[in-house]
Amino acid sequence: MCVKAQHPEREIAVSEVQSLTAFEAIKQQDREAAKKAIAARLFRSGIKHDEPVDLSYVLQEGERVEAITPDAGDEALDVYRHSTAHLLAAAVLDLYPGTQLGIGPSLLGDAKGGFYYDFVRPENARFTPDDLPKIEKKMRDLIKRNLEYKRLEMTKAEAAGKFKALGEPLKCELIEDKAGATVSCYTIEGTPFVDFCLGPHIPSTSKIKAIKLLSIAGAHWKGDESRPQMQRIYGTSFFSQEDLDEWIKQKEEAEKRDHRRLGTELDLFSFSDAIGPGLVLWHPNGALIRKVIEQYLNDELYRRGYSFVNTPHVTQSELFRISGHLENYQEGLYPPMTDKENEQIEYRMKPMNCPFHIQIFKARQRSYRDLPQRYAEYGMVYRYERSGVTHGLMRARGFTQDDAHLFCTPDQLVGEVLGCLDLVDAIFKAFGFTYKAELSVRHATDRNKYIGADDVWELAEKALTDGLNEYGLPYVRMEDEAAFYGPKIDFKVVDAIKRTWQLSTIQVDFTLPQRFGIEYIGADNARHQPIMVHRAILGSFERFFGILIEHYAGAFPVWLAPVQAVVLPISDRFNERAVQIETELKAAGHRVAIDTRSEKIGAKIRDAQLKKIPFMLIVGEKEAEAGTVAVRDKVKGDIGAIPVAEFSAQLKALNDSRALTT
RNA sequence: GCCCGCAUAGCUCAGUGGUAGAGCGCUUCCUUGGUAAGGAAGAGGUCAUCGGUUCAAAUCCGAUUGCGGGCUCCA
């Protein structure tokens with residue numbers, strides 16, 4: 001057998017060898033790479049094979065390999081963490097015999113950790129947080145012993161028999177699910193651990209350099225709530241202690257930005273047990289920021305030909321029976337209220353605004369000349385999120401959508417899509433977010449789960465695609481991700497610490513116009529069904545505010561800051577002058593506060609810094625005499641004294657341009 | 001809804017069966033100062049709620065509520 005081992009740059013012919021392993025092949029080209037390698041990338045007839053392979057893989061004719069070394073990024077980390085998950089399971093089996101194994105994959109780019117393994121302990125025994133250090137210690141012991149990861153290939157029947165004997169029914173179930181005659185298993189030498197696993201894995205435990213177990217969580221087998229719940233242990237691992245430390249540091253940084261913590265510290269919002277879970281109280285500072293955002297949105301919407309509407313928070317259930325929500329989203333609705341005078345009638349808190357906007361459309365006869373109609377509303381909706389899923393502002397039971405519904409003719413659809421794209425772009429830029437677009441279309445062949453005729457779907461998809469192309473916005477096409485009622489474009493923003501959040505959506509809907517029987521009179525004097533577009537930019541004000549708080553780490557830019565500048569007199573002697581300055585700036589429309597406490601200037605500055613106020617205006621002897629303020633920028637520090645009017649003009653410029661930095 | 005954990009002053013948190021603590025914040029007084037903490041005194045708690053064990057419970061047990069980490073769900 002002649003096997004060619006190859007380096008990306010230089011091809012080296014390898015002489016006749018028997019059973020050349022990936023490791024040996026790599027070693028012949030590059031001893032250093034072989035030393036660092038944790039797995040190998042396999043090529044068959046020059047084409048990269050789907051799955052990477054173990055270093056112990058025996059090369060077949062026409063195959064070549066490259067080393068996967070720690071600097072290979074996610075590809076390497078994936079193998080490495082998967083192997084760490086196995087190490088975790090081996091340690092658990094060693095410490096807690098009789099534990100059943102679930103699955104143990106690696107996770108990449110996940111805040112929860114780098115891997116997990118699911119377990120079931122015998123006789124309802126449970127892991128507690130105290131167990132984590134013990135397990136971690138055992139993992140380190142196993143690392144020190146440099147134990148080999150071994151791959152075993154066998155028939156399905158053999159594997160099933162093996163796991164049955166081991167008392168691993170869950171593994172047997174997984175094997176049953178797999179197609180194909182042969183399956184692979186992995187062991188870690190010297191431990192009781194055997195796993196049904198595709199691989200590949202690192203050659204031995206000593207490759208693992210830095211580990212940390214993070215948390216214990218409940219998780220259902222195969223994510224199915226009707227199946228028993230298991231205990232999941234989350235952990236992470238890195239190629240070096242430095243990388244792990246860096247990750248921990250970043251995690252701490254994210255925790256410092258937690259909107260729930262900052263919401264309390266900066267007095268932005270709260271929840272009250274007296275009111276109920278997931279129902280937000282906007283405090284003056286938070287509500288002010290929200291008003292500023294709303295005003296900005298108002299301007300953008302008016303300019304783009306939107307009309308504002310207002311609709312009630314409750315409605316007779318009938319409305320949502322017609323829309324189909326009652327049937328499909330019963331679980332997510334607050335329970336009904338019965339009419340006091342007629343038991344036949346029940347009311348619901350509204351989970352969506354669309355049927356209300358449709359009623360406005362239906363309130364009179366519409367001509368094609370009236371279209372498009374663009375109804376916008378900051379509509380508060382109520383969804384009964386299951387207890388245990390609410391999460392600060394990010395997941396609330398009552399929230400306010402920046403909702404709009406566009407009713408248009410088929411010809412107008414592309415234009416409306418373009419308008420939405422332009423709006424999305426303007427708004428995300430104002431807040432300093434970059435973003436990505438995803439076009440979700442229906443399944444390529446399976447059409448059963450969608451409603452609406454093919455030609456309408458094609459029209460809608462074409463309108464969205466044409467819009468994206470005409471606007472010049474790159475996008476990812478997502479097959480099989482469309483809603484059952486139409487295709488959509490979703491937007492994901494990237495925040496200051498590189499996390500992504502889904503915010504906006506533009507959805508074409510064929511269902512509701514049909515269900516509610518809305519129509520317009522066309523130029524042909526016939527009745528036609530309008531096309532309806534749902535669109536939200538921020539999604540919900542509550543969630544968007546939470547994201548903004550974390551994005552800015554609580555330090556809002558001037559145009560959003562609840563207090564834009566605080567006047568700090570050096571001593572009581574200058575309080576009077578300070579009040580004058582405060583009054584003058586307030587009269588000019590700025591949001592200004594004053595600190596007349598009998599504290600030293602250092603303390604006043606410190607407090608203003610902690611409140612993240614953009615500007616501090618210090619007034620002492622010199623400034624009082626000269627009619628100036630000594631300006632201290634929160635970020636840049638002391639930037640010198642200028643006349644009050646000049647500061648006012650500068651602040652106005654920053655505010656009006658919605659500058660993100662000073 | 002489910003699994004695990006947590007609940008002590010406005011906030012952050014000590015307190016392992018025997019009369020409730022700290023720092024910050026708050027109030028008052030002193031201090032009147034030049035770019036991230038001046039000093040002193042004081043107020044503030046049915047230890048989430050309900051029940052149980054005990055001579056005695058913040059502390060042990062059970063339930064409830066809320067919060068946190070996950071699972072699941074997300075029109």
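Fair warning: this is a prediction, and the values are worked out from it, not measured in the lab. Each chain gets a letter, A, B and so on, in the order the sequences are listed, and its residues count up from 1.
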Quick one: label A/E331 by what it contacts on the DNA or RNA (base, sugar-phosphate, nothing), any heavy atom closer than 4.0 Å. nothing
B/C2, B/A75, B/A37: which one has an atom nearest the side-chain heavy atoms of A/L333? B/A75
Student check: side-chain heavy atoms of A/E481 and A/L439 closer than 4.5 Å: no
Steps toward side-chain contact (heavy atoms from CB on, under 4.5 Å) verdict (A/Q564, A/V592): CA-CA 6 Å; A/Q564 297 171 317; A/V592 183; 5.8 Å; no
Could I get a table of every N or O pair under 3.5 Å where one atom is in the protein and the other is in nucleotides 29-31 of chain B?
unit_1, atom_1, unit_2, atom_2, d
B/U31, O4, A/S598, OG, 3.0

Identify whether any heavy atom of A/Y485 sits under 4.0 Å from a base atom; if not, whether one sits that close to sugar-phosphate; answer base, sugar-phosphate or nothing. sugar-phosphate
When you measure from every atom of RNA chain B, which of residues 127-136 of chain A have a heavy atom less than 4.0 Å away? none
Side chain of A/V389 (C-beta onward), nearest among B/G1, B/U35, B/C3: B/G1
When we call it a touch if two heavy atoms are under 4.0 Å apart, what does A/R386 touch: a base, just sugar-phosphate, or nothing? base
Within residues 620-633 of chain A: residues closer than 4.0 Å to RNA chain B (heavy atoms): A/G620, A/E621, A/K622, A/E623, A/A630, A/R632
Ignoring hydrogens and angles, state whether a donor on the side chain of A/Q373 or A/Y375 is under 3.5 Å from an acceptor on the partner side chain. yes
When you measure from the side-chain N and O atoms of A/R573 to the phosphate of B/U32, is any distance below 4.0 Å, counting only OP1 and OP2? no
If only side-chain N and O atoms count, and only distance matters, is there a donor-acceptor pair under 3.5 Å linking A/R577 with A/Q580? yes
Tabulated below should be each protein N or O lying under 3.5 Å from an N or O of nucleotides 11-14 of chain B; please produce it.
none

Summarise how protein sits on nucleotides 62-69 of chain B as a single string, 5' to 3': B when a protein heavy atom is under 4.0 Å from the base, S for sugar-phosphate-only contact, - for no contact. ----SSSB
Separation of A/I570 atom CD1 from B/A36 atom C1', in whole Å? 14 Å
Distance (rounded to the nearest 0.5 Å) between A/H86 NE2 and A/Y117 OH: 5.0 Å
Starting from the 5' end of RNA chain B, give me the residue, A/G637 or A/M230, whose nearest nucleotide shows up first. A/M230
Scan side-chain atoms only and decide if A/T311 and A/H357 contain a donor-acceptor pair under the 3.5 Å cut-off. no
Output all residues satisfying side-chain hydrogen bond (donor to acceptor under 3.5 Å, both in side chains) with A/H259, sequence neighbours left out; order by chain, then residue number. A/E550
